[in-house]
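Written out below as structure tokens is the structure these notes cover.
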Number of protein chains: 2
Amino acid sequence: MSQDLPVTSYAILGLLTFGDELTGYEIKQRADITLRFYWVSPAMSQIYTELRRLADHGLVRADARADGEREVTSYAITDAGQHALRTWMAETPAGFPVLKHPVLLRLLVGHASEPARTREMLHDYLAELDRARADLGDVRAALRGADSPGEPFRFPALVADWGLDYFAAEERHTRQALASLDDSEGEATP
Amino acid sequence: MSQDLPVTSYAILGLLTFGDELTGYEIKQRADITLRFYWVSPAMSQIYTELRRLADHGLVRADARADGEREVTSYAITDAGQHALRTWMAETPAGFPVLKHPVLLRLLVGHASEPARTREMLHDYLAELDRARADLGDVRAALRGADSPGEPFRFPALVADWGLDYFAAEERHTRQALASLDDSEGEATP
DNA sequence: GAAGACATGTAATGTGTTACATGATTCG
DNA sequence: CGAATCATGTAACACATTACATGTCTTC
């Protein structure tokens with residue numbers, strides 16, 4: 001009955017379980033502030049493609065309404081969609097995370113690079129981590145007040161906290177790597 | 001001059017910087033124990049495709065030799081390959097890691113699942129983390145003896161340590177999430 | 001002599017991106 | 001009134017996976 005959909009489909013479906021109807025555009029915005037950190041933020045075109053597919057399967061309902069001159073289409077999850085999501089969560093194993101970590105990839109072949117360049121890359125990463133942590137911190141702050149057990153943002157708050165801890169850990173690991181590099185190459189620099 | 005190649009191309013090129021010539025098959029094995037943790041382990045067919053491309057660009061040299069009845073082709077990085085890799089590392093920004101974390105994705109929409117199922121998923125993840133940590137630990141152990149500054153496996157050891165710390169952090173975060181879930185839902189279970 | 005590892009590839013397919021295209025609405 | 005945002009899509013293409021196909025070599 002429930003054909004397998006790509007995970008991103010279920011991710012979008014999941015975004016529609018927080019109550020309101022959303023346009024493709026709004027879904028993109030939500031994805032940019034939440035999904036981005038744990039999955040991907042699909043391109044706009046991808047979102048519209050997925051919404052079409054979900055609608056074809058009856059998992060979302062497309063609500064077209066006129067907004068002045070233009071047609072705006074909002075999407076809401078259907079009962080079938082709720083059911084499909086639950087089934088997917090209950091019956092398919094989550095699977096192990098896939099990490100595409102360009103910093104670690106480059107560090108792995110660090111012997112093919114200038115030590116100074118490697119250090120620069122790690123410092124750049126620290127700066128980006130800081131920005132990411134600030135962004136996610138803003139999201140986390142916005143959830144306050146509705147993040148207790150039983151409240152709507154309980155689970156988003158849980159994963160936001162996880163994400164913040166993850167960024168903190170990455171920062172530590174980066175500093176450790178830098179320290180380790182300084183131990184050896186640093187002897188040249190007085 | 002140096003057209004942009006996909007990152008996976010450079011990853012394979014990087015695997016060839018550790019001295020020896022490798023067959024496609026051997027590259028797959030190396031990828032399975034190293035790249036897997038920080039990037040991806042490409043499918044065999046993908047590896048052969050990339051090797052063909054790298055050879056077309058003159059970045060690797062294909063060495064066909066007879067091994068009994070069959071032809072076996074080993075690949076070695078060329079000077080042009082070394083140069084391309086260095087240029088890539090020096091001139092293109094690494095970019096921020098992309099995390100495809102199905103456990104966090106599902107936890108995000110935890111309100112659409114049975115609490116018991118969510119807990120089960122987290123416990124499954126703990127078990128998988130344990131296995132991954134053991135695998136990476138074996139790799140790390142195999143690097144011992146050549147992992148000091150200046151030695152060939154210095155950088156692989158650095159990233160392996162990073163990876164082990166990352167797994168440890170994930171384990172902590174998982175346990176924290178479980179504890180948080182127990183705090184609320186656990187009240188029902190005496 | 002069968003099983004499993006070694007070794008190499010083609011074909012079909014799918015997920016997802018970027019580029020392109022279009023137009024309305026809002027805000028300064 | 002121009003820029004930014006809102007809103008929706010099509011087309012071309014790239015990266016990567018799975019399925020399929022083939023055969024040798026090694027080990028039990």
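Note that the coordinates shown come from a computational prediction; the quantities given were computed from them, not determined experimentally. Quick note on labels: first sequence line is chain A, next is B, and so on, each numbered from 1.
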With 3.5 Å as the limit, what N/O pairs link the protein to nucleotides 3-5 of chain D?
none

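Comment: D63(B) engages R61(B) in a salt bridge, judged by a side-chain N to carboxylate O separation of less than 4.0 angstrom. Using a 4.0 Å cut-off between charged side-chain N and carboxylate O, R70(B) and D67(B) make a salt bridge. E120(A) has a carboxylate O that lies under 4.0 Å from a charged side-chain N of R117(A), or vice versa, which qualifies the two as a salt bridge. Under the 4.0 Å criterion applied to side-chain N and carboxylate O atoms, D32(A) and K28(A) are assigned as salt-bridge partners.
Regarding I27(B), its CD1 atom lies at a distance of 15 Å from the C1' atom of dG9(C), rounded to whole Å. For the pair Y48(B) OH and dA7(C) P, the interatomic distance rounds to 8 Å; values are reported in whole Å. Atom pair K28(B):NZ and dG9(C):P shows a separation of 16 Å (rounding to whole Å applied). Here dT8(C) presents its C1' atom at 12 Å from CD1 of I47(B), a figure rounded to the nearest Å. L51(A) has its CG atom 13 Å from the P atom of dT10(D), to the nearest Å. Rounded to an integer number of Å, the gap from E21(B) CD to dA7(C) P is 13 Å. Going from atom CZ of R65(A) over to atom C1' of dT25(C) covers 13 Å, rounded to whole Å.
Aromatic pair W162(A)/H101(B): centroids less than 6.0 angstrom apart. Separation of the H111(B) and F18(A) ring centroids falls under the 6.0 Å cut-off.
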Contact state string [nucleotides 15-28 of chain D, B base, S sugar-phosphate only, - no protein heavy atom under 4.0 Å]: SBBB----BBS---
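T174(B) and E171(B) share no side-chain donor-acceptor pair at under 3.5 Å. Side-chain contact, R86(A) with T17(A): no donor N or O sits under 3.5 Å from an acceptor N or O.
Between Y166(B) and Y166(A), the ring planes lie perpendicular to each other; the angle is over 60°, past the 30° to 60° tilted range.
From one end of the helix from dG1(C)-dC28(D) to dG28(C)-dC1(D) to the other, with five pairs defining each end axis, the axis direction shifts by 40° (rounded to 10°).
With hydrogens and angles disregarded, no donor-acceptor distance shorter than 3.5 Å links the side chain of S113(A) to the backbone of G110(A).
Heavy atoms of T73(A) sit under 4.0 angstrom from primed sugar atoms or phosphate atoms, though from no base atom.
Expressed to the nearest 0.5 Å, how far CZ of R172(A) lies from CD of E170(A) amounts to 9.5 Å.
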